[in-house]
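Some notes on the structure that comes next.
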Amino acid sequence: MPELPEVEVTRRSFADRIEGAIVRSVRLGAPLRWPLGCTPASLAGTRVGAAERRGKYIWLPLRRDGAPAGGLLLHLGMSGSLAFGTAPAPHGKHDHFDLVTSRGVLRLTDPRRFGAVVWSPALDAPPASALLSKLGAEPFDTALTPQAFHAALQRRSGAVKLVLLGGGIVVGVGNIYACEALFDAGIDPRTRANRISRPRAARLLASVRATLGRALELGGSTLRDFRDAHGMDGGYQAQARVYGREGQPCVRCGALVRRVVQGQRSTYFCAGCQRR
DNA sequence: AGTTAAACCTGGTTGC
DNA sequence: TGCAACCAGGTTTAAC
């Protein structure tokens with residue numbers, strides 16, 4: 001479930017409650033994408049600061065005796081979810097990281113283990129900096145103007161869907177929202193990025209923002225009762241206008257929604273109203 | 001240098 | 001019922 005809206009909703013769900021908590025211990029399950037990068041014991045006694053989000057990453061800063069003590073960079077991968085609970089239930093098969101604190105346990109559950117929890121001495125120091133340095137702009141950053149977005153697209157020759165997915169220009173757009181935003185903008189996902197006109201680029205940026213923004217609003221309700229890792233239910237499915245709708249009529253023009261594969265990922269679009 | 005495949009994993013669904 | 005094939009919300013790494 002983790003594209004930008006889901007990650008942001010997740011962050012908001014525990015940031016206020018965990019801030020100020022003292023880390024008691026850390027429990028590791030099966031290996032995630034990368035090693036933690038420090039001994040679990042070395043985190044005990046640190047105090048948790050204000051959780052931030054960058055792209056699909058969550059940064060959890062830590063302090064010890066009032067001084068910065070690095071932090072944890074978390075990623076939910078494809079199937080990860082975070083829960084912060086006051087009653088630490090016995091861990092399950094797919095619970096691979098527990099941050100046990102004075103205010104509850106922050107737990108990462110991730111069946112596929114593409115997720116990550118990595119300690120870094122600072123956000124702007126390796127390994128965190130290496131993971132974040134290639135990221136593009138935050139979608140709602142006002143510095144990302146239509147002109148800047150268009151100029152960035154002009155520098156890429158690949159299919160616009162893959163360019164969006166890559167996150168090098170704007171972060172947070174995953175497979176579902178890339179499809180949805182391109183539908184909203186009326187742009188064929190196979191269009192080469194550098195062949196998109198300035199007005200259409202402006203429209204696409206607006207569509208990305210509208211799509212992510214609406215998901216952010218709905219995401220709350222979708223995730224509120226989210227339980228297992230395959231939680232794209234109700235709210236989303238109902239909202240998606242092309243994603244997962246292969247063979248069904250387009251809600252706008254009635255043509256059948258198509259599925260093609262780009263970059264080994266499914267792309268859904270309407271050839272009737274999405275043009276190159 | 002920029003674009004594209006392969007890799008990392010588990011589990012659910014589909015089809016023979 | 002069994003089993004193979006395919007699919008899944010991501011991103012790094014290796015290879016053209």
Side-chain angles (χ1 to χ4, degrees), chain A residues 1-10 29-35 37 53-58 73-82 92-97 108-118 126-136 152-182 189-195 208 211-212 215-216 218-219 222-223 226-240 242-247 259-268:
Chain A
M1 31 144 316
E3 294 185 44
L4 183 144
E6 293 74 27
V7 175
E8 177 58 16
V9 168
T10 296
L32 294 165
R33 181 182 258 277
W34 296 293
R53 181 191 55 75
R54 178 74 178 96
K56 296 169 189 169
Y57 288 93
I58 290 174
L73 194 66
L74 299 97
H75 198 289
L76 302 180
M78 284 279 252
S79 58
S81 61
L82 278 174
K93 183 179 176 184
H94 300 301
D95 299 333
H96 302 304
F97 177 83
L108 174 66
T109 303
D110 185 3
R112 292 178 71 181
R113 293 192 279 125
F114 288 168
V117 182
V118 177
S129 60
L131 294 170
L132 302 179
S133 66
K134 303 156 203 154
L135 297 185
L153 289 177
Q154 288 303 113
R155 285 179 229 121
R156 307 299 201 88
S157 63
V160 62
K161 156 85 179 323
L162 294 176
V163 170
L164 279 180
L165 223 43
I169 296 176
V170 57
V171 294
V173 182
N175 204 33
I176 295 174
Y177 299 129
C179 293
E180 294 299 311
L182 285 162
R190 301 166 297 183
T191 310
R192 289 176 176 274
N194 58 12
R195 294 189 50 193
V208 164
T211 302
L212 293 179
L216 206 43
L218 294 171
T222 302
L223 293 182
F226 170 79
R227 280 292 165 138
D228 69 12
H230 301 284
M232 188 183 148
D233 56 14
Y236 276 170
Q237 290 286 26
Q239 293 295 326
V242 283
Y243 186 84
R245 296 192 64 246
E246 181 182 17
R259 183 180 84 95
V260 295
V261 174
Q262 293 181 287
Q264 303 146 269
R265 313 287 304 276
S266 288
T267 296
Y268 298 88

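Throughout, protein chains are lettered first and strands after them, A, B, ... in sequence-line order, and every chain is numbered starting at 1.
Of the P atoms belonging to C/dC6 and B/dA6, the separation is 14 Å, rounded to the nearest Å. Rounded to whole Å, the P atom of B/dC9 lies 15 Å from the corresponding atom of C/dA14. Taking atom P in both B/dT14 and C/dG9, the straight-line distance is 16 Å, to the nearest Å. For the P atoms, the distance from C/dC7 to B/dA5 is 15 Å, rounded to whole Å.
When distances run from any side-chain atom of A/Phe114 to the nucleotides B/dC8, C/dC7, B/dT10, the shortest one goes to B/dC8. Residue A/Ser157 has its side chain nearest to B/dG2 when only B/dC9, C/dG9, B/dG2 are considered. The side chain of A/Ile176 lies closest to C/dG9, out of C/dA8, C/dG9, B/dT4.
Between atom CG of residue A/Leu131 and atom CH2 of residue A/Trp34 there is a gap of 4.5 Å, rounded to the nearest 0.5 Å. Here the OH-CD distance, from A/Tyr243 to A/Glu180, works out to 9.5 Å after rounding to the nearest 0.5 Å.
For A/Ser266 and C/dA8, the shortest distance from a side-chain N or O to OP1 or OP2 is below 4.0 Å. Within the structure, a side-chain polar atom (N or O) of A/Tyr268 is placed less than 4.0 Å from OP1 or OP2 of C/dA8. For A/Lys93, a side-chain nitrogen or oxygen approaches OP1 or OP2 of B/dG11 to under 4.0 Å. Applying the 4.0 Å criterion to OP1 and OP2 of B/dG11, one finds that A/His94 has a side-chain N or O inside that range.
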Check the interface with nucleotides 11-14 of chain C: list each N/O to N/O pair with the protein under 3.5 Å, or write none.
unit_1 : atom_1 : unit_2  : atom_2 : d
C/dT11 : OP1    : A/His75 : NE2    : 2.7
C/dT11 : OP2    : A/Lys56 : NZ     : 2.9
C/dT11 : O2     : A/Arg33 : NH2    : 2.7
C/dT12 : O4'    : A/Arg33 : NH1    : 3.3

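Under the 4.5 Å side-chain criterion, counting only non-hydrogen atoms from C-beta, A/Asn175 is in contact with A/Lys161. Contact of the A/Leu216 side chain with the A/Val9 side chain is registered, since non-hydrogen atoms from C-beta on lie closer than 4.5 Å. Between A/Thr267 and A/Leu182, every side-chain heavy-atom pair lies at or beyond the 4.5 Å cut-off. Between A/Leu212 and A/Val173 the shortest side-chain heavy-atom distance falls below 4.5 Å. Proximity of A/Arg33 to A/His75: side-chain heavy atoms (C-beta onward) are nowhere separated by under 4.5 Å.
The CG-P distance, from A/Asp110 to B/dC8, rounds to 16 Å in whole Å. For A/Leu4 and C/dG10, the CG to P distance is 11 Å, given to the nearest whole Å. Rounded to whole Å, atom P of C/dC6 lies 11 Å from atom CZ of A/Arg259. Put simply, CE on A/Met78 is 6 Å from P on C/dG10, counting in whole angstrom units. Going from atom CD of A/Glu246 over to atom C1' of C/dA8 covers 14 Å, rounded to whole Å. When the P atom of B/dC8 is taken as reference, atom NE2 of A/His96 falls 17 Å away, rounded to whole Å. In this entry the distance linking CG of A/Leu76 with C1' of C/dA8 reads 16 Å, nearest Å.
A residue-by-residue look at A/Gln264 and A/Gly158 shows that A/Gly158 has its nearest nucleotide of DNA chain B further toward the 5' end.
Under 3.5 Å, the side chain of A/Arg113 and the base of B/dC9 form no donor-acceptor pair of N or O atoms.
Remark: A/Leu135 engages A/Arg54, A/Tyr57, A/Leu132, A/Val171 in a side chain to side chain contact (heavy atoms under 4.5 Å, CB included) (not counting sequence neighbours).
Scanning both residues, A/Leu32 and A/Ala116, for their nearest heavy atoms gives CB-CA, 4.3 Å.
Panel note: side chain A/Arg192, backbone A/Ser157; a donor-acceptor pair is recorded below 3.5 Å.
A stem is defined here as three or more consecutive Watson-Crick or G-U pairs, each with both distances under 3.5 Å; for DNA chain B these stems are B:2-8 with C:10-16, B:10-16 with C:2-8.
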